[in-house]
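Down below is the structure, laid out as structure tokens.
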Amino acid sequence: MALDGKLADLADPIEKDARIEFISREDPRALELIRHDAAHVMAEAVQSLWPGTQVTIGPVIENGFFYDFYRNQPFTSEDLPVIEKKMREIIARDKPFTKEVWPRDEAKRVFKEKGETFKVELVDAIPPGEQLKIYHQGDWFDLCRGPHMTSTGKIGNAFRLQKVAGAYWRGDSNNPMLTRIYGTAFAKQDELDAYLHQLEEAEKRDHRKLGREMDLFHFQEEGPGTVFWHANGWTIFQEIVAYMRRRLKGDYREVNAPQLLDKSLWETSGHWGWFRENMFMAQSAGEETEDPRIFAIKPMNCPGHIQIFKHGLRSYRELPLRMAEFGVVHRYEPSGALHGLMRVRAFTQDDAHVFCTEEQMAEECLKINDLILTTYADFGFEGDLTVKLSTRPEKRVGSDAAWDHAEGIMHNVLKQIAQSNNRIKTAINPGEGAFYGPKFEYVLRDAIGRDWQCGTTQVDFNLPERFEAFYIAADGSKKPPVMIHRAICGSMERFLGILLENYAGHLPLWLAPVQAVVTTIVSEADDYAREVVAQARRAGLRVEDDLRNEKINYKVREHSLAKVPVLLVVGKKEAAERLVSIRRLGKEGQQVMPLDAALKALAEESVPPDLRRMRQVA
RNA sequence: GCUGCCGUAGCUCAGUGGUAGAGCACUCCCUUGGUAAGGGAGAGGUCGAAAGUUCAAUCCUUUCCGGCAGCACCA
């Protein structure tokens, strides 16, 4: 049941006036209970199968539940069916869930006797004054804040254990590793089936799989976390960069700073102190050179940009000075963090640093905000967007006063951003800022509801001072500029991966590496097909031919699997009348059109959204 | 980095303590076929690396490298 909208046990006493609702299994709110109950039953199953296993915590999560166990020998996926079978037995017994409130000492004593040391720790962690609730299901019991349904039988059979994985006790890598078992449960079997089906669909759009199928990129052992871009993938990459360059035109000046810089420069910036663990360094490899200098491979572009800013005297008249670079940075990411294009050790940032005065700062942040929003829309992200303000972390440089000031301005800007557009949600991330300043993080939502952090705007009062960068103010004094670090896509590699998954490989024409393939039904049409290719290229389209001696079915299948958006099929008829048969990816059937008209339409369709917009204005 | 699992042909995967197999892809031949796999032949692997156990290791053990899932991390 629910009291004043809050879930409670059916057996709970009602101590004051409250709005009472009885929640059936079918109620969406019951899902949480079903999953939580299932977690408890799983814990009982595990302990009855392997006595001596300690239970720790087992919460409900977004799509299911997990329970963390401590056992000398971790579980394997082969144990899952065994546990599931036991769970079905426990559910069939249909024992009631009953609650008791225990005194703290009693609880500690019982758990200590059972050898449940983790539970003892949990008891200690419960704030004094809060009740210690113990839930029983038959002979088995567990410390739990509840609530639960009335009996184990209510869980039903629509559940599935999914995977086992390691997880640290209390999420701290210094603590012992536990074994976590993930599962999910639903009220009805068809809901479970639908969820499992959705997981399969998500797997199909995994960018690593699409990268192979579309011949975009690969990885190999010698370069862990670094991308080999194939021609197709690099075409998309360059198309995205070209888009960003067009968007920067006028406002920004693009630069390029060195890949290797002396270690001393990174000591000045603070990177060598804080983030050396994540940096690569380089030295002359020749044994004869006797050059001992140590260089760091840049993990960020900002120190380089500051050097460019510092080169020569800057006037307040030059501000805001917006310096952009599509810089390649290297970061030594932990091996377990690497994941396709999403987390790599070398990547390209669409980076920029805005050097400005304090007064200009808020306006610059809003201007960047605008650039980010329009860019995401152009790349087809039309769902919700969250802007998070991350505040001072523990590892940081600069005075508290400077942080107070910067965070104050950022809070204000955040308010304005929230009011500017109703698609935007805002949030605060305490302690998540960069070591040199607070930041905004832009989180976009893709076509299947996953969130990705891409863009970021970071205000920095510290680095310019560390490097003694200044400008001459109107009154003739030297002043350090405020520096705003910003990226729109963030990592281009990652952004491309997100795009691929968002579109499930079905890229819009302007981004597709091969926009069309011209293919023949009979070899008599080869000459005409070659002419179609030549004309299409003249119209600015990325087109390939496929004159292989294969059946049209075979060729259609192959190019469809490679996600080519448009197939231009020509046979005897088309060759005779200067026509093309157009087949679109993912659609059945085709449209026969005169060649000229078809190319004109495709050329029009392949215009990038920003250029299209400009044309409409003109 | 941690825990678990995995590493066999370009891809997907089978298999064995006595030195390897399938499908697709590739090459050649036949086929000219109207919108998601036409037929045949051929070529292709020091079974991730090193050490150990053994008469014998792709298979068992150890270490290392890489991948996958989760955790931790993500300036």
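So that the names make sense, note that chain A is the first sequence line, chain B the second, and so on, each numbered from 1. All values derive from a computational prediction rather than experimental measurement.
- Across rA36(B), rC11(B), rC71(B), the shortest atom-to-atom separation from the side chain of Val556(A) is found for rA36(B).
- Counting only N and O atoms by type, the side chains of Tyr442(A) and Asn369(A) include a donor and acceptor under 3.5 Å apart.
- The OH-P distance, from Tyr168(A) to rG1(B), rounds to 11 Å in whole Å.
- Taking the ring centre of Tyr182(A) as origin, the terminal cationic atom of Lys163(A) falls inside the region bounded by 6.0 Å and 45° from the ring axis.
- Rounding to whole angstrom units, CZ of residue Arg180(A) and C1' of rC5(B) are separated by 18 Å.
- The number of heavy-atom neighbours closer than 6.0 Å to CZ of Arg71(A), taken from other residues, nucleotides and ligands shown, is above 12.
- At whole-Å resolution of the value, CD in Glu558(A) and P in rC24(B) are 13 Å apart.
- RNA chain B is contacted by both Lys163(A) and Leu561(A); Leu561(A) maps to the nucleotide lying nearer its 5′ end (nearest heavy atom per residue).
- Geometrically, Arg180(A) engages Phe66(A) in a cation-pi contact defined by less than 6.0 Å to the ring centre and at most 45° from the axis.
- Comparing Gln590(A) and Asp206(A) along RNA chain B, the residue whose closest nucleotide (by nearest heavy atom) sits nearer the 5' end is Gln590(A).
- Residue Glu203(A) places its CD atom among 12 or fewer non-hydrogen atoms of other residues, nucleotides or ligands, all under 6.0 Å distant.
- Nucleotides rG48(B) and rA57(B) place their P atoms 16 Å apart, quoted to the nearest Å.
- rG44(B) and rG23(B) have their C1' atoms separated by 15 Å, given to the nearest Å.
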Can you name the atoms? Protein N/O to nucleotides 62-68 of chain B N/O, anything below 3.5 Å, with the distance.
from	atom 1	to	atom 2	distance (Å)
rC68(B)	OP1	Arg208(A)	NH1	3.1

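- The aromatic rings of Phe381(A) and Tyr376(A) sit perpendicular to each other, their planes meeting at more than 60°, with 30° as the lower class boundary.
- Within 4.0 Å of Lys572(A), counting heavy atoms only, lies at least one base atom of the nucleic acid.
- Phe495(A) has its side chain out of reach of Leu341(A): every pair of non-hydrogen atoms, C-beta onward, lies at least 4.5 Å apart.
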Go ahead and write out RNA chain B as dot-bracket, 5' to 3': ( ) for pairs within the strand, [ ] for ones crossing earlier pairs, | when the partner sits on another strand, dots for unpaired; Watson-Crick or G-U wobble, both distances under 3.5 Å.
(((((((..((((....[..)))).(((((.......))))).....(((((..]....))))))))))))....

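- When the C1' atom is compared between rC47(B) and rA14(B), the two are found 13 Å apart, to the nearest whole Å.
- In this structure, Lys573(A) reaches the bases: a heavy-atom distance under 4.0 Å links it to at least one base atom across the strands shown.
- Atom-to-atom, OH of Tyr554(A) to P of rU35(B) comes out at 18 Å; the value is rounded to the nearest Å.
- A straight line from CD1 of Ile181(A) to C1' of rC5(B) spans 15 Å, rounded to a whole angstrom.
- If you check every strand for non-hydrogen atoms under 4.0 Å, Glu574(A) touches a base.
- Atom CD of Glu277(A) sits in a sparse spot, with 12 or fewer heavy atoms from other residues, nucleotides or ligands closer than 6.0 Å.
- Comparing the C1' positions of rG10(B) and rG45(B) gives an interatomic distance of 12 Å, to the nearest angstrom.
- Among the atoms of the strands shown, base atoms are found under 4.0 Å from some heavy atom of Val569(A).
- No side-chain donor from either of Thr184(A) and Gln162(A) sits under 3.5 Å from a side-chain acceptor of the other.
- Ring centroids of Phe435(A) and Phe275(A) are separated by less than 6.0 Å, placing the two rings close together.
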Restricting both atoms to N or O, compile the protein contacts to nucleotides 73-75 of chain B shorter than 3.5 Å, with distance only.
from	atom 1	to	atom 2	distance (Å)
rC73(B)	O2	Arg343(A)	NH2	2.7
rC73(B)	N3	Arg343(A)	NH1	3.0
rC74(B)	O4'	Arg343(A)	NH2	3.3
rC74(B)	O2	Arg343(A)	NH1	3.2
rA75(B)	O3'	Tyr436(A)	OH	3.4

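- Each of rG38(B), rA72(B), rA36(B) was ranked by its minimum atom distance to the side chain of Ser173(A); first place goes to rA72(B).
- A donor-acceptor contact under 3.5 angstrom links the side chains of His485(A) and Asp460(A), judged on distance only.
- Ring to ring, Tyr67(A) and Phe69(A) are close: their centroids are under 6.0 angstrom apart.
- Using a 4.0 Å heavy-atom cutoff across all strands shown, Phe219(A) reaches no nucleic acid atom at all.
- Using a 4.0 Å cut-off, no side-chain N or O of Arg170(A) falls inside it from OP1 or OP2 of rA72(B).
- One interatomic measurement links the two molecules: CG of Leu567(A) to P of rG34(B), which rounds to 17 Å at whole-angstrom precision.
- If you check every strand for non-hydrogen atoms under 4.0 Å, Ser581(A) touches a base.
- Side-chain atoms of Ser523(A) and base atoms of rU32(B) include a donor and an acceptor less than 3.5 Å apart.
- Spacing of C1' atoms, rA22(B) relative to rG18(B), comes out at 23 Å, to the nearest Å.
- Atom CZ of Arg583(A) is separated from atom P of rA36(B) by 5 Å (rounded to the nearest Å).
- As rounded to whole Å, 13 Å separates atom C1' of rC28(B) from atom CD of Glu550(A).
- rG7(B) and rG52(B) are spaced 24 Å apart, taking the P atom of each and rounding to whole Å.
- Comparing the same atom, P, in rC65(B) and in rU16(B) gives a spacing of 29 Å after rounding to whole Å.
- Centroid-to-centroid, the aromatic rings of Phe75(A) and Trp50(A) come within less than 6.0 Å.
- A gap of 11 Å separates the C1' atoms of rU3(B) and rA72(B), to the nearest Å.
- A close approach under 4.0 Å does not occur between any side-chain nitrogen or oxygen of Asn553(A) and OP1 or OP2 of rU35(B).
- A cation-pi arrangement is present between Arg345(A) and Tyr332(A) under the rule of less than 6.0 angstrom and at most 45 degrees off the ring axis.
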